[in-house]
A.B. asks: 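Before I ask anything, let me first share the structure, which is written out below as structure tokens.
For clarity, every value in this text was computed on a predicted model and none was experimentally measured. Letters A, B, ... mirror the listed sequences (proteins, then strands); counts begin at 1.
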Amino acid sequence: MMPSFPNISTSKDQQDGRKLANGDCKNQQVLARRQLILQHRKSLPIASVERRLVEEVRKNDTLIIVGETGSGKTTQLPQFLYNAGFCRDEKIIGVTQPRRVAAVTVAKRVAEECNVELGQKVGYSIRFEDATSSSTRIKYMTDGLLLREALLDPLLSRYSIIIVDEAHERTVHTDVLLGLLKKVQLARSHPTTNQHNFIKANAKGREDESRSFSPLKASESAKSTSLKLIIMSASLDARCFSEYFGGAKAVHVHGRQYPVEVLYTYQPEPDYLDATLITIFQIHLEEASGDILAFLTGQEEIESVERLVHDRIRQLPDGSQNLLTVPIYASLPSEQQMNAFKPAPSGFRKVILATNIAETSVTIPGIKYVIDPGLVKARSYNPVTGMESLIIIPTSKAQALQRSGRAGREGPGKCFRLYPESEFSKLTDSTVPEIKRCNLSNVVLQLKALGIDDIIGFDFMEKPSRMAIVKSLEQLFLLGALSDDYKLSSPVGQQMARLPLDPMYSKALILAKEFKCLEEMLIVVAMLSVESIFYFPREKMEEARAARKSFSSPEGDHITLVNVYRASAECLEKSKTTNSKEKTMEKKLNKWCRENFINYRSLRHARDIHSQIEGHIRQMGFSPSSCGDDMLQFRRCLTASFFLNAAMKQPDGSYRALSSSQTVQVHPSSVLFRTKADCIIFNELVRTNQNYVRNVTRVDPLWLPELAPQYYAADS
DNA sequence: GCGTACTTT
């Protein structure tokens, strides 16, 4: 949970600060601020149980902490443990978060509370950003990053304590991490027996080459200390964590939440959008002042409800028209997201129309009323077909509680659940963990790289289906990441595991070296690794289409992506020669993106990934070379890499995906939508109204048996 | 003739 910060720096304070430039006054202000921070810390619910908590951590190797919203656990516990001496011998307290922003904001706050510079005693580390140093003792990070760290140091020997925060969210990374930590803890608590086994397991997986890992070195330094684990979770499901960790002790820390009155409908609502609309106006016309937060499932719903609200406002009498709508969802540009945080003009009530971004990722102040239709759009994955889809499903009880809690941050609130109370009791307790709803290739590859060979027997907190695991093993085998005995292969499997990419993309890079098109492939995998690069605003559809046409290649979407990337790089190069300030360059790029209907955030992300991966492959001894105009080489390389995603045209103009025999269509956004090439490879298969393949390139069907003989028998 | 919640290495 994000900590709630005291309002200690008002704009008025800052004005006073400017007026009094006198040093003494500044000192006094600093002192006053420190005093306020101290007061705030003392007032947190967790402060009163500091001694007991430290004692429990001393006594127990694993501790479950059930901390309610606003308890202060995320910011305070690491400080308590630091003060209790858990960082002796240069050891580190690691705190993992599922999200990047949380890791950064919490670290900044704790550094301030400790009165140290960020990156010294207190720091954070997330992908693309490392604010730590050799003196860092309290380190906040994303759980995915700690998993990556484990590849280099399987015993996580620098850490004396690892705190897994927000464990109830059960992201793939959290689940894999918990399984790994359990193993590491065992290895470190019995250095002579279990540790030996664990190290042996590690060594086995890397018989042929050991350059990238150094488990033996790690074991020596870890010999003296055991690893303390602290799992922090929201209330509902402490028992499952405790059971998983051999009956680990669970302690409860109260939060600071105001009461929220929950109201249900008498009957199920057949049209939840209409019900949402009615409830918005019921609150607006009948309830006391305070902002409204309504949870909807996606952008389209948000836009349509927004239009409906505006229509109805116009029908209200003049005195009641003081209602303002603000949308917020992840793909909304950040400047527009910020509108949700601005207070409504005086006399106005704000209604925020949000996806579940407002459930955990952002906390909007001033919410007094929550409207919860009880639905969420969720990813689902079918291991048999390899198909992902987004479906609208009922929320879990935990999600419903999380949503209603948003009404009680600053005072008592109300939550309107748009379904009968009898329906609530039918909801599942918690959301199905992500690990049971996603493609496992990356998870399996990482576990193999950690020396864990028996994936089916691995002690997951909740096991994914056997089918899903077998499918991933098969896929990794076909990609050459696993040898005949299903161990990590050398060097291909090891190289693939080192790259933070989808395994298929990693393989494409390794092959691109041989096909001499590494420069192009590096761009493609970076561009494919981010959310959609193209931006299509409804109002400017034609302009957007024209902009996109200027990049398009007749060969397909992959080369089109290369063209976009190179054009953006050219734009940056040009602004570099005229003005070298980074900020102006970014502004230029932003402007270029707007002109060309490119999503700036996605492109930035792709550039970051590009430079990180380039670093990795250079370290691996590859040097990016371009195939120039020889796009044949590049398309052959795409075929050799993505052969599992090939499709053949059928007489009726639809396609048949060769690996799953499904009938698919080329997505209308593809540059090959009209071309109807005989044979294509694609990167994504999604189901909406139909089965669509996206990111498509035209290839020669004869290349399949030639370049992927392990999959396509020569006669097919 | 699309139109996709949220994360992350």
A.B. asks: When all nucleic acid strands are considered with a 4.0 Å heavy-atom cut-off, which category describes A/Thr171: base, sugar-phosphate, or nothing?
C.D. replies: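 No contact.
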A.B. asks: Measure the distance from CG on A/Leu445 to P on B/dT9 and round it to the nearest whole Å.
C.D. replies: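 A/Leu445 atom CG is separated from B/dT9 atom P by 17 Å.
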A.B. asks: For A/Leu440 and B/dT8, give me the distance from atom CG to atom P, rounded to whole Å.
C.D. replies: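 Taking atom P of B/dT8 as the reference, CG of A/Leu440 is at 20 Å.
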A.B. asks: Within this structure, what is the CD1-to-P distance between A/Ile328 and B/dA5, rounded to whole angstrom?
C.D. replies: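 Result: 14 Å.
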A.B. asks: What is the distance, rounded to the nearest whole Å, between atom CD1 of A/Ile392 and atom C1' of B/dA5?
C.D. replies: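 So the CD1-C1' distance, A/Ile392 to B/dA5, works out to 9 Å.
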A.B. asks: Do we get A/Arg437 above A/Tyr381's six-membered ring, with its NZ or CZ under 6.0 Å from the centre and within 45° of the axis?
C.D. replies: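 No, cation not above the ring by the 6.0 Å, 45° rule.
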A.B. asks: With a distance cut-off below 6.0 Å to the six-membered ring centre and an angular limit of 45° from the axis, does A/Lys513 pair with A/Phe622 as a cation-pi contact?
C.D. replies: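 The answer is yes; both the distance and angle limits are met.
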A.B. asks: Side chain of A/Arg674, base of B/dG1: donor and acceptor closer than 3.5 Å?
C.D. replies: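 Answer is yes: a donor-acceptor pair is held.
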A.B. asks: Nearest nucleotide by nearest heavy atom, which residue falls closer to the 5' end of DNA chain B, A/Pro668 or A/Glu684?
C.D. replies: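 Looking at DNA chain B, the more 5' nearest nucleotide goes with A/Pro668.
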A.B. asks: Using whole Å, what does the distance between atom P of nucleotide B/dT9 and atom CZ of A/Arg127 come to?
C.D. replies: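 So the CZ-P distance, A/Arg127 to B/dT9, works out to 6 Å.
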A.B. asks: Mind calculating the distance between CD (A/Gln337) and P (B/dC6) to the nearest angstrom?
C.D. replies: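 Rounded to the whole Å, the gap is 9 Å.
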A.B. asks: Does a side-chain N-to-carboxylate-O contact under 4.0 Å join A/Arg545 and A/Glu542?
C.D. replies: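 Salt bridge: yes.
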A.B. asks: Counting only side-chain nitrogens and oxygens, does A/His667 get under 4.0 Å of the OP1 or OP2 atom of B/dG3?
C.D. replies: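 Yes, within the criterion.
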A.B. asks: OP1 or OP2 of B/dC6 versus the side-chain N and O atoms of A/Thr355: is any pair under 4.0 Å?
C.D. replies: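 Indeed, a polar side-chain atom of A/Thr355 lies that close.
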A.B. asks: More than 12 non-hydrogen atoms from neighbouring residues, nucleotides or ligands closer than 6.0 Å to CD on A/Glu531, yes or no?
C.D. replies: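 Count not over threshold, so no.
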A.B. asks: As a test of reading the structure: which of B/dT8, B/dG1, B/dC6 is closest to the side chain of A/Ala330, going by heavy atoms?
C.D. replies: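 Output: B/dC6.
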A.B. asks: Regarding A/Arg545, tell me which of base, sugar-phosphate or nothing describes its non-hydrogen contacts under 4.0 Å with the strands shown.
C.D. replies: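 Contact class for A/Arg545: base.
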A.B. asks: May I have the distance from A/Arg99 (atom CZ) to B/dC6 (atom C1'), rounded to whole angstrom?
C.D. replies: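 It works out to 8 Å between those atoms.
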A.B. asks: Need one value for A/Gln299: base, sugar-phosphate or nothing, where a base atom within 4.0 Å counts as base even if backbone is also close, heavy atoms only.
C.D. replies: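 The answer is sugar-phosphate, as A/Gln299 gets under 4.0 Å only of primed atoms, P, OP1 or OP2.
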A.B. asks: When you compare the side chains of A/Thr142 and A/Gln97, does any donor N or O come within less than 3.5 Å of an acceptor on the partner?
C.D. replies: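 No donor-acceptor contact under 3.5 Å links the two side chains.
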A.B. asks: Just call it for A/Arg379: base, sugar-phosphate, or nothing, with non-hydrogen atoms closer than 4.0 Å on any strand.
C.D. replies: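 Base: the residue A/Arg379, judged by heavy atoms under 4.0 Å, touches a nucleobase.
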